[in-house]
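These numbers were taken from a predicted model, which means no experiment stands behind them. Residues: numbered from 1 along the sequence shown. Start at 1 and go down the list; that is how both ligands and their atoms are numbered. Values below: every heavy atom of this structure, side chains too, minus hydrogens, waters and symmetry copies.
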Amino acid sequence: MAISSRVRDVAAVDPEVARILEAEEERQRTTLALIASENYASVAVRQAMSSVLTNKYSEGYPGKRYYQGNRFADEIEALCIARAKELFGCEHANVQPHAGSPANMAAYLALLEPGSTILGMDLAQGGHLTHGSPVNFSGRLFRFVHYGVRRDTERIDYDEVRAIAQREQPRLIVAGATAYPRLIDFAAFRSIADEVGALLMVDMAHIAGLVAGGVHPSPVPYADVVTFTTHKTLRGPRGAMILCKAQYASAIDKAVFPGLQGGPFDHAIAAKAVALREALDPAFRTYQQQVVRNAQALGDALARRGLRLVSGGTDNHLLLVDLTPLGVTGAEAATRAEAAGLVTNKNMIPFDTRKPTQTSGLRLGTPAMTTRGLGEAEMEQVAELLVSAITRPDPDNLARCRAEVRALCERFPLERGAIVVVDEER
Ligand SMILES: *Cc1c(COP(=O)(O)O)cnc(C)c1O
């Protein structure tokens, strides 16, 4: 038998899994992702992700591996590190973290002893689980204290952050959020950290792409350590990285391996390198500018339809919408929106009176839609469809909205975003 006839794709080997994968592709094709943490990775990123590097074990770091056969694993990781340093202008980069949560765990373990005090943003007001939630490793291993946003402005109150820091004397301050629509003032965090003798870590998971594209100030000059995911606005594979000042390089590397992880995912590192190559291209800056313009256009269109935007608007890629004026919970709104083909997530708003399973808010983001090519004109249409589906969830209206979303998806197919053209002159 010829070798080629024994080479089988997923459909031939495992029709059950193939059917699910095809259905998911169809779902992505025919719905719009408004989830602020999602994006559509390019074909190039996905090809690297499915490459033969998944077969390799390469515990250690380039030039210092525990197994043989790592010539190309070394090459790909060194290339990825060099690109991360070029893109973000940092002194050191570790590209091995499997995801954002382990990147944060590695950073904490590199800088602190368990039980140390850390000041981070409250989960209920925009922070992340790994910023000290009691159900997360972070809240179990460290003594977290929290800052939030001001009730009147719904923005971080740096005087409050300073007051809490002076009272609690944290060893580490964590800046960064998962549901905060405004710019974060990293210089202010740095000066507060210096005043109380704390280290500063910035978790830029949500905004790494914006930082790379120059539409959000970079935390790199201010933070001792910066962590981020590669699959959100950065539009790479699922994964994460840690950037740091040279003085923490060895502690960070040891905390990732052997401290927390075993062998790196070399295929994911290859895909991260491709994503960084795309992000170094001038077109990526244009993309990120459009992401922010689309978020502002979507916010304006929703506000004109009577929705209240937390903090009054957005500076970045996401919006937090208060549904209270509509008399609908976040859970209800997210279900209705999905019936119309608009995929969102319910989210707590600051000082929310509802439970996390209900919520008063909806979190919306534009990175994925912008990758498909939707622009400000389409944001107006998306806002109309979203509000219509949420406020008039009768079957006829939901079917009308669903049909319009399908038509939008056909006009802006996944392929349009999946093929990223980079300037070969680089
Ligand atoms: C998404 C996110 C993470 C965690 O990333 P995972 O890859 O889901 O583990 C950490 N911090 C922030 C601020 C995030 O938004």
Matching residue for Ser360 among Asp352, Asn347, Thr353 - test: side chain to side chain donor-acceptor pair (under 3.5 Å)
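Result: among Asp352, Asn347, Thr353, Asp352 is the only option passing the side chain to side chain donor-acceptor pair (under 3.5 Å) with Ser360.
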Anything under 30° is parallel, anything over 60° is perpendicular, the rest tilted; go ahead and classify Tyr287 against Phe284.
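The rings of Tyr287 and Phe284 sit tilted, inter-plane angle from 30° to 60°.
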Could you label the plane-to-plane angle of the Phe189 and Tyr147 rings as parallel, tilted or perpendicular, counting under 30° as parallel and over 60° as perpendicular?
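Ring orientation, 0 to 90° scale: tilted.
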Just grab all the side chain to side chain donor-acceptor pair (under 3.5 Å) pairs involving residues 106-120, residues at least two apart or on different chains.
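Sorted pair list: Thr117-Arg143.
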Has Arg150 got a side-chain atom pairing as donor or acceptor with Glu160's backbone, closer than 3.5 angstrom?
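Pair absent, no side-chain N/O of Arg150 close to backbone of Glu160.
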Any protein N/O atoms within less than 3.5 Å of an N/O atom in ligand 1? List the atom names and distances, or say none.
residue: ligand 1; atom: 7 (O); partner: Gly100; partner atom: N; Å: 2.9
residue: ligand 1; atom: 9 (O); partner: Gly100; partner atom: N; Å: 3.4
residue: ligand 1; atom: 9 (O); partner: Ser101; partner atom: N; Å: 2.8
residue: ligand 1; atom: 9 (O); partner: Ser101; partner atom: OG; Å: 2.9
residue: ligand 1; atom: 11 (N); partner: Asp203; partner atom: OD1; Å: 3.4
residue: ligand 1; atom: 11 (N); partner: Asp203; partner atom: OD2; Å: 2.5
residue: ligand 1; atom: 15 (O); partner: Thr178; partner atom: OG1; Å: 3.3
residue: ligand 1; atom: 15 (O); partner: Lys232; partner atom: NZ; Å: 2.8

Just checking, is any N or O donor in the side chain of Asn104 or Thr130 under 3.5 Å from an acceptor N or O on the other one?
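Yes, side-chain donor-acceptor contact under 3.5 Å.
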